[in-house]
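Presented below is the structure to which this report refers.
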Amino acid sequence: MYAALSSQPDGTVLVTTLDDEGSTIGQPQIVDGRSLPAAVAGLEPQHPRWVWDDTSRWYSALLDAGVRVERCVDLRLSHAILRRSELTAASELAGLPLSSWDRGAIESVEVAAGDVLFDLDRPMESAAEDPLEEFRMQRKAIASATDPGRIGLLLAAESAGALVAAEMQFAGLPWRADLHDEILASNLGPRPKPGQRPVLLEEVLERVREAFDAPELNPDSPAELLKALSRAGIVVTSTRSWELKKIEHPGIPPLLEYKKLARLLSANGWQWLDVNVRGGRFYPDYVPGGVVTGRWASKGGGGALQLPKQVRAAVVADDGWKLVVADASQLEPRILAALSGDRGMAEAGRSKDMYAAIVASGAVATRDQAKVAMLGAMYGATTGESGRLMPKLTRAYPQAIALVEMAARAGERGEIVTTRLGRSSPLPGEGWREIQGDAYGEAATDADQKRARSQARGWGRFTRNFVVQGSAAEWALCWMATVRHGLNEMAGTAWLTDAPHLVFFMHDELVVHCPADVAAEVERTLRDSAAQAGRLMFGELPVEFPLSVAIVDNYGQAK
DNA sequence: TCGTGTCGCGCC
DNA sequence: AAAGGGCGCGACACGA
């Protein structure tokens with residue numbers, strides 16, 4: 001059973017129960033905003049799938065009112081997938097013009113000002129369309145898909161992810177501002193007055209200035225820094241750390257130290273603490289489906305998905321509680337093995353340490369080479385050691401390499417590629433097509449062709465990575481959804497934050513905050529769910545998805 | 001003074 | 001030792 005929420009122009013909400021095809025069951029209920037949580041809670045015992053345009057909008061308000069739901073359909077996230085998916089390309093939905101169901105959709109409008117017409121891009125009006133209509137359209141698209149099971153699983157996982165995002169945002173990540181302050185003070189010195197540099201940063205800066213004999217140097221300015229380096233006889237094309245590390249000069253160590261400290265200060269310093277942490281919690285702003293590949297993005301200064309290891313010791317479980325930190329080991333290579341069905345690579349993928357198993361199979365000589373070679377295969381490396389290892393990898397795992405090569409060739413031709421569950425890549429932009437077209441024209445120069453080849457290869461690297469990164473993101477969604485279900489079972493009737501609950505997600509890593517006495521049970525749930533995610537996506541496939549799990553008091557203790 | 005583009009770097 | 005994919009953000013640089 002489904003239950004749809006739609007906003008009415010007068011501010012009331014229509015609650016409509018629906019069957020699988022989207023036909024209305026019984027009489028819709030009209031409720032005002034205040035009584036909506038009670039209405040939702042009243043229907044929840046029937047386990048409906050809640051249908052709404054935007055989970056972060058509806059569910060955040062419900063959570064604030066103390067109401068949780070089990071399942072939902074996030075129409076906007078689903079729409080984005082269905083519109084682009086190769087599996088539903090023939091559907092009516094895929095052929096519709098852009099509307100408010102397409103996030104970030106813009107329409108071009110002509111605005112007259114006196115005699116002049118201006119072409120403006122403006123956002124589409126939102127919520128103009130009826131969610132019930134959209135829901136029926138989506139059900140039809142799914143039913144007519146080339147593989148309804150796959151796309152259906154993807155949409156369910158995507159929507160479950162949206163529920164998790166809202167719940168994690170509601171609960172917040174336990175954060176000890178006093179410990180964060182200690183970390184900053186030990187690295188940078190005590191918090192300075194506004195506009196001043198912390199003392200330890202100032203000291204390192206002085207050492208840099210002395211070493212380069214540049215008393216006014218501001219190393220934050222790449223242009224200035226480049227000049228100072230060249231005066232010291234150092235020739236570099238950029239001021240990136242990994243480039244500077246190669247250089248022997250007494251000024252380089254303090255410069256690298258300065259960059260590290262300056263980064264800590266500007267990205268996760270006292271300002272960050274003031275803005276992002278309140279009442280002992282950090283409230284990240286997740287954006288499910290925010291990345292083309294299906295990965296989540298984050299917005300706002302929090303930078304949840306870039307939380308540096310330096311400050312993780314400030315993430316501390318409440319008294320009597322633990323953090324269970326679980327990380328899917330070597331997820332992307334395992335995904336590639338499972339996707340391609342390559343027997344040799346799947347064999348390696350059954351091992352706890354896939355890279356060691358690749359070495360053991362004789363494909364490459366060292367574990368480091370195995371890692372670099374696999375990364376190169378998934379990212380499209382052509383040069384360096386990674387590029388040199390490709391022929392060896394191809395010999396050892398022909399099917400796996402063929403899969404990523406085919407994805408790359410498709411991208412180079414300007415075609416789309418699709419993940420395991422049916423998320424398809426975008427088409428390259430108009431500019432890209434023009435460049436390709438120019439290279440075949442009468443007047444094409446060598447430079448035109450070179451540019452076109454380089455652009456084509458670039459898009460090929462994107463599509464090559466898309467299938468692996470996107471399928472890995474799907475695995476993570478299946479894992480997360482299953483974990484959430486398992487934790488709910490454990491919680492019984494207890495409220496979200498009074499029982500084991502998810503507090504953090506970062507691509508292939510989950511953190512659960514739970515009472516200490518159930519931490520071991522939570523670990524089992526995490527591990528079982530990882531295995532279940534593998535089965536959901538690949539059936540009984542001979543690839544393992546092992547986790548490294550740490551039960552800790554603070555996040556910094558997890559490796 | 002503002003908005004926009006680039007660089008560099010954190011995470012996966 | 002080094003260069004392939006995806007992000008967000010802060011600081012700087014520059015032009016309006």
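To find a chain, count down the sequence lines: A is the first, B the second, and so on, and within it residues start at 1. Model, not experiment: these values are computed from the prediction. Computation of the quantities below employed the complete heavy-atom set of this structure, encompassing side-chain atoms and omitting hydrogens, waters and symmetry-equivalent molecules.
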Check salt bridge (Lys or Arg N to Asp or Glu O under 4.0 Å) between [X] and all other residues, then give those that pass, not counting sequence neighbours.
X        : result
A/Glu224 : none
A/Arg433 : none
A/Arg413 : A/Glu415

Quickly work out the [X] [atom1] to [N] [atom2] distance and round it to whole Å.
X        : N      : atom1 : atom2 : answer
A/Glu224 : C/dA13 : CD    : C1'   : 11 Å
A/Ile247 : C/dA2  : CD1   : P     : 10 Å
A/Gln369 : C/dA2  : CD    : C1'   : 14 Å
A/Gln271 : C/dC9  : CD    : C1'   : 14 Å
A/Trp272 : C/dG8  : CH2   : C1'   : 14 Å
A/Lys227 : C/dC12 : NZ    : P     : 15 Å
A/Asn218 : C/dA13 : CG    : P     : 7 Å
A/Asn276 : C/dG10 : CG    : C1'   : 13 Å

Given DNA chain C, 5'-ward residue of the pair A/Arg388 and A/Phe462, judged by closest heavy atom: A/Arg388

Nearest-nucleotide comparison on DNA chain C, the residue closer to the 5′ end among A/Ser266 and A/Arg461: A/Arg461

So, using side-chain hydrogen bond (donor to acceptor under 3.5 Å, both in side chains) as the criterion, who are the partners of [X] when residues are at least two apart?
X        : value
A/Arg84  : none
A/Glu434 : none
A/Gln306 : none
A/His507 : none

Looking for any heavy atom pair under 4.0 Å, which part of the strands does [X] touch: base, sugar-phosphate only, or nothing?
X        : result
A/Ser386 : nothing
A/Asn268 : nothing
A/Val292 : sugar-phosphate

Pairs satisfying salt bridge (charged side-chain N to carboxylate O under 4.0 Å, His left out), at least one member in residues 257-267 of chain A, at least two apart: none

Selection: residues 203-217 of chain A, any non-hydrogen atom under 4.0 Å of DNA chain C: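 Per residue number, the list is empty: none.
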
Residues in contact with DNA chain C, drawn from residues 158-183 of chain A - heavy-atom cutoff 4.0 Å: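 Going residue by residue through residues 158-183 of chain A, none turns out to have a heavy atom under 4.0 Å of DNA chain C.
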
Residue of the set A/Thr418, A/Leu87, A/Thr419 for which side-chain contact (heavy atoms from CB on, under 4.5 Å) holds with A/Ser424: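 Exactly one pass, corresponding to A/Thr418.
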
Exercise: do A/Asp74 and A/Thr55 side chains pair donor with acceptor under 3.5 Å: yes

base_contact_polar (C/dA2 base, A/Glu385 side chain, donor-acceptor, <3.5 Å): no

Nucleotide-resolved protein contact map, nucleotides 6-12 of chain B, B/S/- at heavy-atom distance under 4.0 Å: --BBBSB

Mutual orientation of the aromatic rings belonging to A/Trp175 and A/Trp272 [parallel < 30°, tilted 30-60°, perpendicular > 60°]: tilted

What pairs of donor and acceptor atoms, side-chain ones from residues 386-397 of chain A against any protein atom, are under 3.5 angstrom apart with sequence neighbours left out?
residue: A/Ser386; atom: OG; partner: A/Val372; partner atom: O; Å: 3.1
residue: A/Thr394; atom: OG1; partner: A/Met390; partner atom: O; Å: 2.8
residue: A/Tyr397; atom: OH; partner: A/Ser361; partner atom: OG; Å: 3.2

Residue-phosphate contact under 4.0 Å: A/Ser221 side-chain N/O, C/dA13 OP1/OP2: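 Yes, because at least one side-chain N or O of A/Ser221 sits under 4.0 Å from OP1 or OP2 of C/dA13.
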
